[in-house]
Amino acid sequence: MNHTPPEGFSFEITSQASGTHARTGLLETPHGTIETPHFIFCATKAAIKGLTMDQMRECGAEIILANTYHLFLNPGGPFVERQGGLHRMTDWHGPVLTDSGGFQIFSLGNGWVADEIKGKRQHGTERKLVEISEDGAHFISYIDGTRHYLTPETSIQTQIQLGADLIVVLDECSPYNVTRDYTARSMELSHRWEKRSLDAYHAMTNGKQVLYGIVQGGVYEDLRKESAGFVNEHPFFGQAIGGCLGGTREEMFEVIGRASRPLRKDRPTHLLGIGGVHDIWEGIHHGIDTFDCVHPTRIARHGGALIRPVEHGGKTHLNLRNACFKNDDQPLDERLPCKASREFSRAYIHYLLRAGEMLGIQLLIQHNVCFMMELMRSVRSSIRNDRIREEQSLWI
RNA sequence: GUGGCUGUAGCUCAGUUGGUUAGAGCAUCGGAUUGUGGUUCCGAGGGUCGCCGGUUCAAGUCCGGUUAGCCACC
């Protein structure tokens, strides 16, 4: 089924590399057009941790992501709506994607985050924070213990209240250590939820956003094919690869292949939650147009500066807290355009981190944002010039 | 001079009526982090228990001496 997007939205493929599915494109939204492949930075709670949106723009960021689950709990969709929507509230006037909250159903329901709570609050509080039924997911708020209910309809409603340009269906993400049967049932539930998400979208949208479907099916080739078929046949603007991607990087690449191969090629394809340098060079071959990941900003908060692995024996980042940087007067990377990368010594950043000064983390976040944008520029030009291998060898 | 208190990891301290290989936090060194719960999680190194002697099968722990610091009194 084809989908005529509202005014201001389009996706156009502008070049195609040979012998691979890698392509460049233009993803148009009413808040701006981004060149793809592109990386989306995570402003989960409607803020990039540590930076203003002006600083994000200075570092070259063009699109950000916010999370429905977190904003649903606090401060709530109606609050953001009263603030004039995410764009006005955050002073980010470029494109915004919101994730649906599906991953939180997975992570909160499987003790991934619950373990952290356990660690923080001693023991005895290991109750499940999420219970899933056909209709939706019951949550116990991690913030204050109050009960909440998220359904495909309330997720879409919330995303429309938030005012994102690109919104995503609510899905259920199955864990790794489950049977094929479990994964199949979970996928079928996701498909029913996706249909309800589409209905809710058509009933509620004000024409200011477009909807992405999600491919589920875990690591199983036949389920991925079935799920891709489902997404292909429904009138989504874009499509995202979600669900369990396996246990190792090698398996993840295989699963991305299984999920992307049967997908139609005329829609923008997003890979949810993945964003390492190796992953991006691999992902583009499968026709991935957009990536999002907390890694660049999270690793910065722990003292990590992204680097080109090929120049550092395969390491993907430097831990600036390490003692070897105490007297290292080099900048992080002189080739990058931002001041954080070229005007401050590693020794100074090392000192700031050790001294507990938040500027150290802020500089690292800026550097990592610049680094990712430089990487994506390199990726795009390599596809356009049809010399991916050569360009890739400068990175990994 | 007399009396009291204290002395255990780089720092601040736990250590039961004597009982395995003396612990913690911080600090140090390193690792992790992929649809974000914001100084997180994991691991490692590091001690002649001030010093000497005694009692005991066994002493960080009990006894004597000694030394250093602090406090009080003469």
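Every chain is numbered from 1, with letters handed out A, B, ... down the list of sequences. Keep in mind that this is a model prediction, so the values were computed, not measured.
- Here the separation of C52(B) from U67(B), taken at their C1' atoms, is 10 Å to the nearest Å.
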Query raised in the report: For RNA chain B, what string of dots and brackets results from 5' to 3' when Watson-Crick and G-U pairs need both distances under 3.5 Å, crossing pairs get [ ], and pairs with another strand get |?
Result: (((((((..((((.....[...)))).(((((.......))))).....(((((..]....)))))))))))).

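- As rounded to the nearest Å, U17(B) and G31(B) have C1' atoms that lie 44 Å from one another.
- The C1' atoms of G3(B) and C74(B) are separated by 10 Å, rounded to the nearest whole Å.
- Looking at heavy-atom distances under 4.0 Å, His270(A) makes no contact with the nucleic acid at all.
- Relative to the side chain of His295(A), the nucleotides A32(B), G30(B), U34(B) differ in distance, and U34(B) lies closest.
- Looking only at distances, no side-chain donor or acceptor of Asn322(A) sits under 3.5 Å from a matching main-chain atom of Cys324(A).
- Between Phe139(A) and Phe72(A), the ring centre distance reaches or exceeds 6.0 Å.
- At whole-Å resolution of the value, CG in Asn74(A) and C1' in U36(B) are 15 Å apart.
- Applying the salt bridge (charged side-chain N to carboxylate O under 4.0 Å, His left out) test to Arg88(A) and every residue at least two apart in sequence or in another chain returns nothing.
- Comparing the P positions of C51(B) and U61(B) gives a spacing of 11 Å, expressed to the nearest Å.
- Atoms CG (Leu318(A)) and P (A32(B)) sit 12 Å apart, rounded to a whole Å.
- Under the 30°/60° scheme for interplanar angles, the aromatic rings of Phe230(A) and Phe236(A) are found to be tilted.
- Atom name C1', nucleotides A22(B) and U40(B): the rounded distance is 30 Å, in whole Å.
- Here Arg261(A) pairs with Glu221(A) in a salt bridge; the nearest charged N to carboxylate O distance falls below 4.0 Å.
- Separating the C1' atom of G45(B) from that of G50(B) is a span of 24 Å, rounded to the nearest Å.
- Mapping Gly50(A) and Asp99(A) onto RNA chain B by nearest heavy atom places Asp99(A) closer to the 5' end of the strand.
- We find that CG of Leu211(A) is positioned 21 Å from P of G35(B), with the value rounded to whole Å.
- Between Gly356(A) and Gly304(A), the residue anchored nearer the 5' end of RNA chain B, judged by the nucleotide with its closest heavy atom, is Gly304(A).
- Between G35(B), U39(B), U36(B), one nucleotide has an atom nearer to the side chain of Ile361(A) than all others, and that is U39(B).
- Contact annotation: Arg298(A) reaches the phosphate of U34(B) (side-chain N/O to OP1 or OP2, under 4.0 Å).
- Ring centroid separation for the pair Phe253(A) and Trp281(A) does not come in under the 6.0 Å cut-off.
- Spacing between G54(B) and G15(B) at atom P, rounded to whole Å, works out to 28 Å.
- Atom pair Leu364(A):CG and U33(B):P shows a separation of 17 Å (rounding to whole Å applied).
- Asn67(A) has no side-chain polar atom (N or O) that falls below the 4.0 Å cut-off from OP1 or OP2 of G35(B).
- Partners of Arg301(A) according to the salt bridge (charged side-chain N to carboxylate O under 4.0 Å, His left out) rule, which considers only residues two or more places apart in sequence or in another chain, do not exist here.
- Looking at residues two or more places apart in sequence or on another chain, you find no ring pair (Phe, Tyr, Trp, His ring centres under 6.0 Å) involving Phe11(A).
- Regarding Glu357(A), its CD atom lies at a distance of 16 Å from the C1' atom of G38(B), rounded to whole Å.
- The shortest distance between the side-chain N/O atoms of Asn322(A) and the OP1/OP2 oxygens of G31(B) is below 4.0 Å.
- A side-chain donor-acceptor contact under 3.5 Å links Thr24(A) to the backbone of Ser15(A).
- In this structure, the aromatic ring of His302(A) is positioned over the six-membered ring of the base of U40(B), centres within 5.5 Å and planes within 30°.
- Atom P of nucleotide G35(B) and atom CE of Met252(A) are separated by 11 Å, given to the nearest angstrom.
- Side chain Asn319(A) to base G30(B): no donor-acceptor pair is found below 3.5 Å.
- Arg301(A) places its CZ atom 17 Å from the P atom of A32(B), with the value rounded to the nearest Å.
- Distances shorter than 4.0 Å separate none of the side-chain N or O atoms of Arg321(A) from OP1 or OP2 on C29(B).
- In the set U34(B), A32(B), U36(B), the nucleotide with an atom closest to the side chain of His317(A) is A32(B).
- For A24(B) and G47(B), the C1' atoms lie 14 Å apart once the distance is rounded to whole Å.
- Looking at residues 237-249 of chain A, you'll see Gly243(A), Arg249(A) sit with a heavy atom under 4.0 Å from some atom of RNA chain B.
- Distance CZ (Phe291(A)) to C1' (U34(B)): 12 Å, rounded to an integer number of Å.
- Among residues two or more places apart in sequence or in another chain, the side chain to side chain donor-acceptor pair (under 3.5 Å) test is passed with Asp289(A) by Arg23(A).
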